[in-house]
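Worth saying up front: this structure is predicted, and the values here are computed from it rather than measured. The analysis underlying the following values was restricted to heavy atoms, covering all of them including side chains, and did not include hydrogens, waters or symmetry mates. When a ligand or atom number is given, it counts from 1 through the structure's own listing order. Positions are given from 1, in the same order as the sequence printed here.
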Amino acid sequence: MPQYDLAIIGGGLAGAATAYYACKRGASVLLLERRDLNLGASGSNAGSIHAQIPFDPFSNLGPEWARRYAATLPLFQASIRQWGGLEDELQGHLGLSAKGGLMVAATEGDCAALRAKVEIERAAGLDVDLWDKDALDRKAPFLASGMKLGAFCGIEGKADPFAVAPLYAKRAIALGLDLRRNADVVAISAGQDGFTLKASQADFTARRVVNAAGADAARVAAMAGIHVEIEAHAIQVSVTEKRPQTLPYLLYFTGEKLTLKQSAEGGFLIGGGWPARLKGYPVVDQRSMIRNLSIAQEVVPALHGVDIVRSWAAMVNGTADWRPILGEAPEVPGFYLNLFPWMGFTAAPAVSEAIAALALGETPAVDLRGFGL
Ligand SMILES: Cc1cc2nc3c(=O)[nH]c(=O)nc-3n(C[C@H](O)[C@H](O)[C@H](O)COP(=O)(O)OP(=O)(O)OC[C@H]3O[C@@H](n4cnc5c(N)ncnc54)[C@H](O)[C@@H]3O)c2cc1C
């Protein structure tokens with residue numbers, strides 16, 4: 001059995017990026033994916049690059065939660081800096097655009113909450129501008145007239161979820177990655193010198209293991225005797241027919257779940273975490289789709305009469321407090337967790353490089369202490 005420095009379970013963005021950064025450091029790396037690359041959340045998401053604290057949990061869990069959650073903002077910021085150089089580093093097109101993100105509020109109550117959230121973000125070092133009604137009229141004329149306040153964060157944007165994980169994997173393979181598709185890890189045992197992983201194709205041994213199994217990470221961790229509270233939720237996204245360019249920003253609305261952006265080709269991507277249905281697999285929920293579209297139309301009137309051309313549903317990895325679970329499992333030395341919930345697309349570059357560094361005995365460039373199991 002070959003002995004690898006590092007075995008990574010899960011061929012989504014977290015796994016592919018960890019593999020790339022570990023290969024770049026000269027390690028021998030195995031990536032085990034039970035189906036094929038990028039078929040999970042990483043290839044089905046909305047492609048938003050976030051930095052602001054999401055409004056939904058802020059209004060449900062409150063400012064104390066947000067102050068704790070603000071510890072993740074430096075991870076997002078580090079990742080966004082890394083996204084900026086990623087097309088050069090990986091030598092390919094990632095559909096990257098960073099024109100900023102705008103969170104808008106329409107009621108007095110939401111305006112007050114948005115102001116309070118921005119204070120917490122600023123205290124954590126995130127640059128966010130507040131745009132009053134005049135500024136919104138000038139800088140965001142596409143908005144409905146009822147919008148009263150906006151929080152603008154200039155580093156937010158979007159990238160192409162179809163492109164990123166496969167390109168990371170391609171570059172990792174060029175650096176020596178052993179990628180095994182159709183390799184469902186079904187058992188893990190820890191020994192003196194490392195781990196034996198039983199996969200559907202064969203058994204493998206590795207000195208260290210990274211669990212990057214996304215929404216299935218709890219099941220994978222349990223194979224190593226570790227309890228991890230990762231949730232799996234079915235959510236959905238829709239895309240409309242093409243229209244002339246009107247929306248330069250990633251747009252959020254505090255009133256109800258909404259993320260909205262316009263692709264370079266003109267289609268609007270409408271998401272925000274609306275629930276899909278589960279039939280053993282996720283399927284689009286029509287009520288969610290209709291509600292999501294009508295909110296988008298309330299916020300951006302130009303969307304009236306625009307038809308949806310495609311909707312899809314997928315499983316997202318979640319945690320109840322929205323915080324990631326990152327680093328070495330205390331009870332099982334050598335077993336690492338790279339589990340970034342809800343906004344793991346944004347966070348993957350810097351976090352995955354940090355996990356690769358940690359697993360290979362280096363000090364990571366971003367501080368993951370405080371995010372351990
Ligand atoms: C509809 C939707 C919209 C989203 N929008 C955004 C967004 O706009 N911005 C943002 O930042 N984030 C967004 N997210 C969240 C983001 O996509 C995820 O947090 C991120 O992609 C998680 O990456 P991952 O690599 O950890 O998991 P995944 O991409 O799910 O990859 C996990 C992989 O592990 C494999 N695996 C599982 N078990 C095993 C096993 N036993 N053996 C081998 N392989 C296994 C799976 O097959 C899968 O390929 C969205 C998610 C969804 C679903």
Do any N/O atoms on Glu33 end up under 3.5 angstrom from N/O atoms on ligand 1?
-> yes

Exactly one candidate in Lys99, Lys261, Gln52 meets side-chain hydrogen bond (donor to acceptor under 3.5 Å, both in side chains) with Glu156; the answer is Gln52

Which bit of Trp312 is near ligand 1, meaning a heavy atom under 4.0 Å away: side chain, backbone, both or neither?
-> neither

Scanning both residues in full, the closest heavy-atom pair of Ala329 with Ile226 reads CB-CD1, 3.6 Å

Using 4.0 Å as the upper bound for N to carboxylate O, is an ion pair formed by Glu64 and Arg67?
-> yes

Measure up the Tyr249 and Trp131 rings against each other and bin them: parallel (under 30°), tilted (30 to 60°), perpendicular (over 60°).
-> perpendicular

Looking only at non-hydrogen atoms, find the nearest pair between Cys111 and Lys148 and report the distance.
-> SG-CB, 3.8 Å

Work out whether the distance between some heavy atom of Gly271 and some atom of ligand 1 is less than 4.0 Å.
-> no

Taking every heavy atom of Val228 against every heavy atom of Ala221, the minimum-distance pair comes out as CG2-CB, 3.5 Å

If you measure from each non-hydrogen atom of Val186 to ligand 1, which part falls under 4.0 Å: side chain, backbone, both or neither?
-> neither

Trace of the ring-ring contact (aromatic ring centres under 6.0 Å, His included) decision for Tyr252 with His50 | CA-CA 10 Å; Tyr252 315 83; His50 304 285; 5.8 Å; yes

Compute the minimum heavy-atom distance from Met315 to ligand 1 and say whether it is under 4.0 Å.
-> yes

Please write down residue, atom name and distance for the protein heavy atom closest to atom 18 (C) of ligand 1.
-> Asn317 OD1, 3.3 Å

Under 4.0 Å from ligand 1, counting heavy atoms only, is it the side chain of Leu37, its backbone, both or neither?
-> neither

At a non-hydrogen distance cut-off of under 4.0 Å, which region of Ser44 contacts ligand 1 (side chain, backbone, both, or neither)?
-> backbone

Can you tell me how far OH of Tyr20 sits from CD of Glu353, rounded to the nearest 0.5 angstrom?
-> 8.5 Å

Checking heavy atoms under 4.0 Å, the part of Val237 that sits near ligand 1 is side chain

Leu39-ligand 1 polar pair, N/O distance under 3.5 Å = no

Would you call Arg310-Glu241 a salt bridge at under 4.0 Å N-O?
-> no

How does Arg35 reach ligand 1, if at all, at less than 4.0 Å between non-hydrogen atoms: by side chain, backbone, both, or neither?
-> side chain

So is Ala347 close enough to ligand 1, meaning a heavy atom under 4.0 angstrom away?
-> no

Hey, does Leu13 come in under 3.5 Å of ligand 1, counting only N/O atoms on both sides?
-> yes

Please verify whether a non-hydrogen atom of Ile9 lies at under 4.0 Å from ligand 1.
-> yes

